Every structure is written in structure tokens, then in C-alpha cells.
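What follows is a short report on a single structure.
These values consider heavy atoms only, across backbone and side chains, with no hydrogens, waters or symmetry-generated copies. All values derive from a computational prediction rather than experimental measurement. Residue numbers run from 1 in the order of the sequence given.
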Amino acid sequence: INYIGVPMMRLCMENYEVPRHQQLFKNIVYVGALAALLDIELEVIKQMMEEKFAKKPKLLPPNFKALELGSNYIKENYNYPLELRLEKREALKDQIMVDGNTACGLGAIYAGATVAAWYPITPSTSVINAFEKYCMKLRVDSETGKNKFAIVQAEDELAAIGMVIGANWNGARAFTSTSGAGVSLMTEFIGLAYFAEIPLVLVNVQRGGPSTGMPTRTQQSDILSCAYASHGDTKQVLLFPSTPAECFEMTADAFDLADQLQTPVILMTDLDLGMNNHLSPPLKWDDKREFKKGKVLSEEQLEKMDKYGRYLDVDGDGICYRTIPGTHPSKGSFFTRGTSRNEYAIYTEDGDTYVRNVDRLQRKWETAKEYVPAPEFYQDSNTSTQGIVFFGTSAYAALEAMEMLEEQGMNLDVMRIRSLPFNDDVKAFFEAHEQVFVIEQNRDAQFRSLVMTELDIAPQKLTPVLNYDGMPITAHAILNE
């Protein structure tokens with residue numbers, strides 16, 4: 001080990017008069033020294049600073065000065081550059097650096113969301129920050145200067161999700177974001193949205209739990225608490241993005257799914273994806289895309305109806321026709337309730353009526369399999385008796401582990417699950433293999449349990465590969481299991 005000494009503090013004391021500058025700019029002196037040692041072009045670093053401090057140009061001269069101090073010290077006192085050097089290349093082409101939370105916030109904008117209510121919690125706060133940032137650019141009336149959006153920092157998570165449910169019921173596209181501890185508080189309201197059949201979008205940026213847990217570490221440990229959120233027989237639609245691009249796409253899709261299925265849709269991201277910058281292809285949007293609002297009756301449709309039943313399964317798919325308040329002056333109204341009711345939203349505790357209702361909700365769950373994102377396969381057809389299954393940010397390490405196994409002559413079939421409920425292709429994959437390794441980032445193999453429950457797969461067929469120390473899972477950790 002060779003130590004290279006750079007008197008950063010002394011250089012700052014000699015060249016800056018303001019005490020705070022003497023403290024702060026030693027870090028930039030270090031960057032300048034490192035740039036000289038590794039042959040990094042100072043102009044590239046200066047360009048990044050110009051972008052960073054575009055609104056504070058007065059900060060540029062002292063930063064540039066510190067860069068030069070560090071670089072010049074190396075040039076005057078050491079042989080440079082080192083044998084190890086960095087070279088500027090264009091290998092990334094048009095890729096961008098973006099974090100998942102920012103992508104989620106932007107996805108909500110493009111999905112037509114105009115309302116967000118939230119309570120701050122690490123690591124999901126920047127989802128709403130990003131939404132607000134882009135609202136200020138894209139949701140302000142150019143003529144009047146009035147905001148065409150509403151963002152409410154509520155007193156707690158319960159109030160936040162209640163506001164969001166109310167906004168969606170009233171016809172807006174609204175959402176909230178939180179992490180596992182917030183989901184725990186929101187579960188009763190999630191149950192209301194499920195049973196009253198009100199669209200709801202929730203972004204869950206998972207962190208280490210339980211309780212306060214590890215707020216600044218990552219996990220995939222809210223799987224079961226979200227899949228069956230609330231008491232009673234409930235099943236929630238989950239989406240599992242693995243990249244910032246999918247955070248953008250799936251957030252937008254979540255609003256369509258929530259409207260079409262009239263149910264909560266929970267985006268299951270995590271701290272690693274949400275808060276860390278990732279290389280990503282540019283986020284794409286089809287300007288011809290139209291929002292999918294689902295079965296919403298118009299004034300003309302209501303006018304032709306003799307009697308409206310909010311919970312009548314007209315089409316046999318479990319999804320009923322809803323109305324937006326104020327659509328018709330006298331038709332289409334109903335009492336929204338979380339209690340048991342009949343097809344016309346009238347309260348009842350009749351057992352047969354209750355069974356018809358919850359069985360219809362199960363039919364809707366089956367219908368949802370046709371709507372949610374399909375799994376991704378990494379082979380044209382199955383060739384092995386063994387398979388690998390993963391979801392979310394486990395994809396990075398899992399795909400690297402797959403390449404390492406192939407180098408050793410081991411070829412396993414691979415599937416990335418992107419949503420719940422599981423469709424027939426997911427079930428077929430499990431049934432086609434004698435052993436399936438299920439990769440996930442929690443202690444109790446929650447996703448494995450979900451597969452056993454939802455698909456009736458024998459537990460001995462599913463081998464858990466687990467990581468739950470709060471750091472992202474690695475390929476070597478997968479291979480060691």
C-alpha cells in the first residue's frame with residue numbers, strides 16, 4: 001500500500017479567508033488531486049459543477065480554485081498520472097442517471113395524477129418531492145399562474161391515504177408514497193379501498209423492518225403485508241419494478257390498473273432502487289397513449305338506465321360499473337361504505353349476499369391476471385429441471401449469477417416476476433421444474449410463501465435464496481446459497 005499525502009487543510013487555510021470555506025473546500029481539493037492522479041479531465045468535473053450550481057454561479061470560482069489547488073499539488077510533488085487511470089468514453093451513449101423515486105414521481109405526472117397526500121418517511125419522501133418538482137413545471141396554468149395540482153403533507157399516514165381515497169372516489173387521479181412502517185398504519189384504509197372498490201395507487205419504497213428497523217437500508221420485506229393488506233379476506237395487486245425505467249412505466253400503469261380494476265395497486269420498489277442513481281435508457285412515453293379509466297358510466301349512459309346497481313357484475317368479470325359524483329343530476333348515486341352490502345350498495349348482513357360479493361371480488365382477482373404485467377423469461381423454452389425466480393432489484397445480482405453459472409457449464413431456466421396476481425405462465429414455470437431457487441431480500445422467504453399460497457406449489461420444490469443484511473444482494477451471495 002502506497003500512501004499519497006495531500007495537505008488539503010493547509011492548502012485551504014493558505015488560500016481561503018472565510019473559515020467556512022477553509023472547511024468545505026478541502027473536499028474539492030481532494031477531488032482535484034484525485035483527478036490528476038487518475039488522469040481525469042478537470043474540464044469534465046468543472047462542467048458537472050456548472051450543471052450542479054447553475055442557479056448559484058457565485059459558487060463556481062471558489063470550487064474551481066479548489067480543484068486547481070489539488071491538481072497542481074500533485075503535479076508539483078508527485079509523478080503522475082498513476083498506472084491506474086480513467087479515460088473518457090462514449091460507451092453509455094444516450095443513457096441517463098436517475099433514481100427510482102424520481103422516475104416514480106415523473107410517472108405519476110404522465111399518468112395524469114393531480115393529487116398527492118403523504119407523510120414524510122425514509123426512503124420514500126423524494127417520490128413526492130419529484131412529483132412536486134415536475135408539477136411546478138408541467139401542472140401550472142400558463143395564463144393564470146394557478147396550480148392545477150394539490151399536494152398535502154398530512155398529519156400522519158392514515159390521514160394521507162384517506163385523502164387519496166377521497167380524491168380518487170371523486171374522480172381525480174391521486175396517490176401516496178410511504179415505506180413499510182407507513183403501510184402498517186395504512187392497512188385499514190387499504191381494506192376500505194379494496195372492499196368499497198375505490199381506485200388507489202400507493203408507492204411503497206421498502207426498507208429494513210420491522211418497526212423502525214433500518215430506515216437507511218434496503219429490503220424486500222413487505223411482500224406479505226402488502227399482498228394481503230388489511231384484515232379479512234383481501235388480495236392486493238402488486239407491481240415489482242427492477243429499474244428506474246420500470247418505476248416510470250409501472251407507476252403510470254398503476255393508475256390505469258387501479259381505475260380499470262377499481263382497487264388498490266401497490267408499487268413495490270425499495271431503497272436501493274428508489275434512492276440510488278442508476279444508469280437507465282431515456283424514459284419513454286407514447287404521446288398517443290390514452291388513460292384507461294375502466295368502467296365509468298357517463299351521463300348519457302345513466303340517463304338510459306332504469307336502476308343503477310354499483311355492485312352488479314354485469315359483464316361477469318367481477319368488475320362493476322362505477323360513477324363519478326355529479327355525473328348525473330339524479331341517477332348514479334350510491335352509498336359508499338366499507339360494510340357488507342348488496343348489489344345496490346344497500347347495507348346487509350345476509351350471508352348469501354355477502355358470499356356473492358366476496359366471490360365476485362375473487363372473480364375480479366382472476367380477471368386482474370389478464371391486466372397486470374406478464375413475467376419476463378430469459379430463454380425461448382425451458383431446457384433444465386432447475387429454475388431461478390426473482391423480482392425487483394434482485395434482478396441485477398440474479399442475472400450476474402446466471403452468467404457466472406453459464407461459465408461453469410450450468411444452464412438454468414430463469415423467470416423474473418413483475419406482478420401479483422400471478423398469471424398462468426408463472427404457474428406453468430413452477431410446475432415445469434423439479435427445483436426452483438427463489439431469490440429475495442428478506443429473512444422469512446416471504447415471496448416463496450406467496451408462491452405456495454397463491455399457486456399451491458409444494459414447498460419442497462422451492463429453495464429459498466435469501467439476503468437481509470440491509471445491503472443489496474450480490475451474485476456471489478446467490479452462488480454461495
Side-chain angles (χ1 to χ4, degrees), residues 104-105 108-109 111-121 124 127-128 131-132 135 139 146-178 182-204 226 229-232 234 236-237 251 254-267 291-298 302 308 310-311 319-329 331-341 345-347 361 364:
C104 286
I109 289 282
T114 57
V115 178
W118 66 302
Y119 185 77
I121 183 173
S124 73
V127 173
I128 304 299
F131 180 70
E132 180 181 18
C135 276
R139 289 273 191 275
K146 291 183 178 181
N147 293 338
K148 296 189 289 184
F149 64 91
I151 299 175
V152 182
Q153 181 175 327
E155 61 265 34
D156 52 38
E157 287 87 352
L158 285 80
I161 195 170
M163 294 175 187
V164 169
I165 291 172
N168 280 301
W169 174 84
N170 205 40
R173 281 195 157 184
F175 78 108
T176 187
S177 69
T178 190
V183 172
S184 295
L185 292 169
M186 293 179 175
T187 51
E188 186 171 2
F189 263 129
I190 294 173
L192 171 64
Y194 172 84
F195 201 52
E197 298 180 70
I198 301 171
L200 169 65
V201 173
L202 190 161
V203 179
N204 178 14
C226 286
S230 195
H231 53 280
T234 57
Q236 312 299 350
V237 175
T251 300
F255 285 91
D256 281 348
L257 288 169
D259 277 347
Q260 290 174 293
L261 298 171
Q262 301 171 29
T263 198
V265 176
I266 306 176
L267 191 75
F291 300 146
K292 299 175 182 178
K293 300 291 287 185
K295 299 180 180 182
V296 181
L297 294 173
S298 66
L302 286 169
Y308 169 63
R310 172 64 181 93
Y311 299 107
I319 305 173
C320 306
Y321 285 82
R322 66 186 176 110
T323 59
I324 303 299
T327 300
H328 191 282
K331 293 183 176 182
S333 61
F334 62 95
F335 196 93
T336 304
R337 59 172 81 244
T339 51
S340 180
R341 70 282 162 142
I346 298 172
Y347 174 77
L361 290 172
K364 182 164 72 170

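In this structure, Arg139 contributes its side chain and Ile109 its backbone to a donor-acceptor pair below 3.5 Å. Under a 3.5 Å cut-off, the side chain of Tyr308 and the backbone N or O of Tyr321 do form a donor-acceptor pair. Here the side chain of Ser230 pairs a donor or acceptor atom with the backbone of Thr187 at under 3.5 angstrom. Using a distance-only test at 3.5 Å, with no hydrogens or angles considered, a donor-acceptor pair links the side chain of Thr234 to the main chain of Ala229.
The minimum heavy-atom distance linking Gly332 with Leu302 is given by the pair CA-CD2, 3.8 Å. Between Val115 and Ala172, the shortest heavy-atom contact is CG2-CB, 4.2 Å. In terms of heavy atoms, Ile128 sits closest to Ala116 at CD1-CB, 4.0 Å. Here the closest heavy-atom approach between residue Val201 and residue Ala258 is recorded as CG2-CB, 4.0 Å. The two residues Phe175 and Ala108 make their nearest non-hydrogen contact at CE2-CB, 3.7 Å. Considering all non-hydrogen atoms of both residues, Ala111 and Phe255 come closest at CB-CD1, 3.4 Å.
The closest side-chain heavy-atom distance from Val265 to Leu202 is not below 4.5 Å. Using a 4.5 Å cut-off on side-chain heavy atoms (C-beta onward), Asn204 and Ser124 make no contact. The side-chain heavy atoms of Leu261 and Val237, taken from C-beta on, include a pair separated by under 4.5 Å. Looking only at side-chain heavy atoms (C-beta outward), Val296 and Thr323 stay at 4.5 Å or farther from each other.
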Inset, instruction - I would like to know whether Arg310 and Cys320 meet side-chain contact (heavy atoms from CB on, under 4.5 Å); could you show each step before the answer? - result: CA-CA 7 Å; Arg310 172 64 181 93; Cys320 306; 3.7 Å; yes
Legend entry - salt bridge (charged side-chain N to carboxylate O under 4.0 Å, His left out) evaluation trace for Asp256 with Lys293: CA-CA 6 Å; Asp256 281 348; Lys293 300 291 287 185; over 6 Å; no
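Ion pair Arg322/Asp259 flagged as a salt bridge, since at least one NZ, NE, NH1 or NH2 atom sits closer than 4.0 Å to an Asp/Glu carboxylate oxygen.
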Could you go through residues 147-166 and list every donor-acceptor pair under 3.5 Å that involves a side-chain atom there, pairing it with any protein atom two or more places apart or in another chain?
| from | atom 1 | to | atom 2 | distance (Å) |
| --- | --- | --- | --- | --- |
| Asp156 | OD1 | Leu158 | N | 3.2 |
| Asp156 | OD1 | Ala159 | N | 2.8 |

Which atom pairs, one a donor and one an acceptor, fall under 3.5 Å between side chains of residues 188-198 and the rest of the protein, sequence neighbours left out?
| from | atom 1 | to | atom 2 | distance (Å) |
| --- | --- | --- | --- | --- |
| Glu197 | OE1 | Arg360 | NH1 | 3.1 |
| Glu197 | OE1 | Lys364 | NZ | 2.8 |
| Glu197 | OE2 | Arg341 | NH2 | 3.4 |
| Glu197 | OE2 | Arg360 | NH1 | 3.3 |
| Glu197 | OE2 | Arg360 | NH2 | 2.5 |

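Looking only at atom types and distance, the side chain of Thr336 has a donor-acceptor partner in the side chain of Trp169 under 3.5 Å away.
Note that CG of Leu267 and SG of Cys226 are 10.5 Å apart. Values are rounded to the nearest 0.5 Å. One finds the OG1 atom of Thr176 at 8.5 Å from the CG atom of Leu200 (value rounded to the nearest 0.5 Å).
Annotation for Phe291: atom CZ counts as buried by contact number, over 12 foreign heavy atoms lying within 6.0 Å.
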